[in-house]
Amino acid sequence: MSKTVVTRFAPSPTGYLHIGGARTALFNWLFARHHGGEFRLRIEDTDRARSNPEASAAILRAMQWLGLGHDGEVVSQFERADRHAEVVHQMLATGHAYKCFSTQDEIAKFREDARASGKSTLFQSPWRDTAAADQPDAPFVIRLKAPRDGQTVIDDQVQGKVTFQNNQLDDMICLRSDATPTYMLAVVVDDHDMNVTHVIRGDDHLNNAARQTLVYQAMGWDLPVWAHIPLIHGPDGKKLSKRHGALGVEEYQAMGYPASAMRNYLARLGWSHGDDEFFSTKQAIEWFDLAGIGKSPSRFDFKKLDNLTGQHIAVTDDRELLEQLCEFLAATDRSDLTSEQKELMLRGMYCLKDRAKSFHQLIDKAEFILTTRPIQPDEKSAKLLDGVSRSILKQLTPLLQDVSWIRNALEEVATKVAEANDVKFGKLAGPLRAALAGRTACPSVFDMMLVIGRDETIARLNDAIGEA
RNA sequence: GGCCCGUUCGUCUAUCGGUUAGGACGCCAGGUUUUCAACCUGGAAAGACGAGUUCGAUUCUCGUACGGGCUACCA
């Protein structure tokens, strides 16, 4: 009988959730869901100076938008400080840790000298083997008493077996001189206590995994399965950092990308399932595995996200899409649609959704629905409404009164009018578009007529004809 | 500096010793067209470099170059 799979996402609340963190969260979520396990969320807020509650809230909001629901309570690492200290004292008692009285200044000076003379900057505390009786009455930190020889092997699901010589690993600090636990120690205790079975995180933690392994061993705890995924780089190949083009997840939401497309794109960034590019979240859950994760870092590409977004919008159910659109409007502080507008949007969704690569574009295409008479044509459209075309529209308008309001019939009438004036239909479509939408980017003229209905169509045409 | 990781078309990637190195986005050309799109057809485009192992290397090993990460009483 195998244990239930438990994964976790453990962001530090020092800023918004950026795209790399979002992908890490997604992978953990996907893996847990695939195995019917649990996906836990832990806020790593042990650094009080840099943590702030707004950041936690923003991360939670971003996760919710992405649809990455977590199981159980959100764990605050800071609140578990007592348990962390308890573990450290246990290690102290069993001889796996010791008190170190070296001051930060001493250590800094040591490193400075070591670097200057080209020697290893690895600090080896002189207090490692000092008997309790010989210890001074001074501030101290508690360090892990790590083995000095032998090696530590990380059996990583993505990176393979990675070997570290133990003499390259320092005696990491577990408890600071103010008696607060360090992150390095806290992760291990928390992951163990939360029964985390699989640690999927950025490969910037690969080195840490070795040192953390030493803590697991000191405590006699089972090791989790490691999977260190490569980082996402910026368009220029450099590390994606907050001051370097890394956008918060909420900004992608504001740019009008639907969460389903984000999940698809992010999953595809660094993970693959054969040649599959466009897939649903359900399929991603079905397919996700650690073996499909690549070893090299990848770059973020908006063009591909746009393309995927277009496909997701096109296949989303009309009602669901309208709901997402309204959420988008709310998230970007725009006024909600009226119920009449929603009604019309629903009616017109079929001709709007297969040509939009963001919610912004969707709204743009829907301008003919959202606007009200009299239509103010933009410059390009206004030019199309010259005397000649107005006279053609004048002939068309009365005919619309009695024609049956279906596409074929409308096309027939329009074609007839065009022929009577000895012009191609294209010549008529421009002015018609100008009268109905006031702009060039919009759906087919017949689709627009069908969506807004006979009365509104005729009214808009009369407006256009009447204008001087 | 030390330790660790990586390197297939511009980008995301497939390939798990034998392929004309495949797909997707983007790009270019043509077609369709009722604007913007969408759509259809075609095209250009890649194994960083050098050795070794092998009948045969993109694939395995080593070296070099380049890129990245870690090297805190940060996470």
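Below, each value reflects all heavy atoms present in this structure, side chains not excepted, and no hydrogens, waters or symmetry copies. Protein chains get the first letters and strands the later ones, always in sequence-line order, with residue 1 at the start of each. Please read all numbers here as calculations on a predicted model, not as lab measurements.
- Salt bridge annotation for Asp113(A)-Lys109(A): present, with a cationic side-chain nitrogen under 4.0 angstrom from a carboxylate oxygen.
- Contact annotation for Ser102(A): base contact, defined as any heavy-atom pair under 4.0 Å involving a base atom.
- We find that Arg268(A) and Asp276(A) are not joined by a salt bridge, their nearest charged nitrogen and carboxylate oxygen being 4.0 Å or further apart.
- The interatomic distance linking Ile293(A) (CD1) with C16(B) (P) rounds to 20 Å, in whole Å.
- When distances run from any side-chain atom of Arg111(A) to the nucleotides A72(B), G6(B), A75(B), the shortest one goes to A72(B).
- Pairing each heavy atom of Met262(A) with each of Ile19(A), the nearest pair is CE-CD1, 3.6 Å.
- Of the candidate nucleotides A75(B), C73(B), G68(B), A75(B) has the atom lying nearest to any side-chain atom of Arg50(A).
- Look at the P atom in both U41(B) and G23(B): the space between them is 13 Å, to the nearest Å.
- Nucleotides A38(B) and G31(B), compared at atom C1', are 14 Å apart to the nearest Å.
- When the C1' atom is compared between G50(B) and U13(B), the two are found 27 Å apart, to the nearest whole Å.
- Rounded to whole Å, atom C1' of A24(B) lies 9 Å from atom CD of Gln311(A).
- Listed candidates were C4(B), U34(B), U71(B). Nearest to the side chain of Thr121(A) is U71(B).
- For the P atoms, the distance linking U59(B) with U54(B) amounts to 16 Å, nearest Å.
- Across all strands shown, the partner of C70(B) is G2(B), judged by Watson-Crick or G-U wobble contacts whose two distances both fall under 3.5 Å.
- Across all strands, Val445(A) comes closer than 4.0 Å to base atoms (heavy-atom distances).
- Base-pair partner of U15(B): not found among the strands shown (Watson-Crick or G-U wobble, both distances under 3.5 Å).
- Salt bridge absent: Glu419(A) and Lys416(A) never bring a charged side-chain N and a carboxylate O closer than 4.0 Å.
- With distances taken from any side-chain atom of Leu231(A) to the nucleotides G69(B), G6(B), A38(B), the minimum falls on G69(B).
- With rounding to whole Å, Leu308(A) atom CG is found 13 Å from A24(B) atom P.
- When each of Gln104(A) and Phe425(A) is assigned the nucleotide of RNA chain B with its nearest heavy atom, Phe425(A) is the one assigned upstream, toward the 5' end.
- Taking atom P in both G6(B) and G30(B), the straight-line distance is 45 Å, to the nearest Å.
- Of the candidate nucleotides C73(B), C25(B), C36(B), C36(B) has the atom nearest to the side chain of Ala441(A).
- In this structure, Arg42(A) forms no cation-pi arrangement with Phe9(A), as its terminal cationic atom is not both closer than 6.0 Å to the ring centre and no more than 45° off the ring axis.
- Nucleotides A57(B) and A21(B) place their C1' atoms 13 Å apart, quoted to the nearest Å.
- Residues Lys424(A) and Thr163(A) both approach RNA chain B. Their nearest nucleotides, taken by heavy-atom distance, put Thr163(A) toward the 5′ side.
- Residue ring and nucleobase are stacked for His205(A) and A75(B), with a centre distance beneath 5.5 angstrom and an angle between planes beneath 30°.
- Between the side chain of Ser177(A) and the base of C73(B), at least one donor-acceptor pair of N or O atoms lies under 3.5 Å.
- Spacing of C1' atoms, U64(B) relative to U7(B), comes out at 13 Å, to the nearest Å.
- At a threshold of 4.0 Å, the pair Lys357(A)-Asp306(A) does not count as salt-bridged, since none of the basic side-chain nitrogens sits closer than that to a carboxylate oxygen.
- Between His273(A) and the options Trp287(A), Phe279(A), Phe278(A), a ring-ring contact (aromatic ring centres under 6.0 Å, His included) holds for only Trp287(A).
- Between Arg80(A) and Asp190(A) there is a salt bridge, since at least one side-chain N of the basic residue sits less than 4.0 Å from a carboxylate O of the acidic one.
- Nucleotide A57(B): unpaired (no Watson-Crick or G-U wobble partner with both distances less than 3.5 Å).
- The side chain of Thr46(A) contributes an N or O atom lying less than 4.0 Å from OP1 or OP2 of A75(B).
- Contact annotation for Pro443(A): base contact, defined as any heavy-atom pair under 4.0 Å involving a base atom.
- Taking every side-chain heavy atom of Met184(A) into account, A75(B) is the closest of A75(B), U34(B), G2(B).
- The side chain of Asn208(A) approaches A75(B) more closely than any other nucleotide in the set U34(B), C73(B), A75(B).
- Atoms NE2 (His228(A)) and C1' (C70(B)) sit 11 Å apart, rounded to a whole Å.
- Applying the Watson-Crick and G-U wobble criteria (two distances, each under 3.5 Å), G10(B) pairs with C25(B).
- Atom-to-atom, NZ of Lys357(A) to C1' of C25(B) comes out at 10 Å; the value is rounded to the nearest Å.
- One interatomic measurement links the two molecules: CG of Asp156(A) to P of C4(B), which rounds to 15 Å at whole-angstrom precision.
- G30(B) is paired with C40(B) under the criterion used here, namely a Watson-Crick or G-U wobble arrangement in which both key atom distances are under 3.5 Å.
- One finds a salt bridge joining Asp170(A) and Arg211(A) here, because a Lys/Arg side-chain nitrogen approaches an Asp/Glu carboxylate oxygen to under 4.0 Å.
- When both pairing distances are held under 3.5 Å, U64(B) makes a Watson-Crick or G-U pair with A48(B).
- Under the 4.0 Å criterion applied to side-chain N and carboxylate O atoms, Lys383(A) and Asp386(A) are not assigned as salt-bridge partners.
- A gap of 24 Å separates the C1' atoms of A24(B) and C36(B), to the nearest Å.
- Using a cutoff of 4.0 Å between basic side-chain nitrogens and carboxylate oxygens, Lys353(A) and Asp318(A) are scored as salt-bridged.
- Protein atom NZ of Lys295(A) is 21 Å distant from nucleotide atom P of G68(B), rounded to whole Å.
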Below 3.5 Å is the cut-off: list the nitrogen or oxygen pairs between protein and nucleotides 10-14 of chain B, distance only.
{"residue": "C12(B)", "atom": "OP1", "partner": "Arg299(A)", "partner atom": "N", "Å": "3.0"}
{"residue": "C12(B)", "atom": "O2'", "partner": "Arg268(A)", "partner atom": "O", "Å": "3.2"}
{"residue": "C12(B)", "atom": "O2", "partner": "Lys304(A)", "partner atom": "NZ", "Å": "3.4"}
{"residue": "U13(B)", "atom": "OP1", "partner": "Gly270(A)", "partner atom": "N", "Å": "2.6"}
{"residue": "U13(B)", "atom": "O3'", "partner": "Ser272(A)", "partner atom": "OG", "Å": "3.3"}
{"residue": "U13(B)", "atom": "O2'", "partner": "Arg268(A)", "partner atom": "NH2", "Å": "3.1"}
{"residue": "A14(B)", "atom": "OP1", "partner": "Ser272(A)", "partner atom": "OG", "Å": "3.0"}

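- Counting non-hydrogen atoms under 4.0 angstrom, Phe446(A) reaches a base of the nucleic acid.
- In this structure, the NZ atom of Lys353(A) is 20 Å from the C1' atom of C36(B), given to the nearest Å.
- Which of U34(B), C73(B), C5(B) sits closest to the side chain of Gln159(A) comes down to C5(B).
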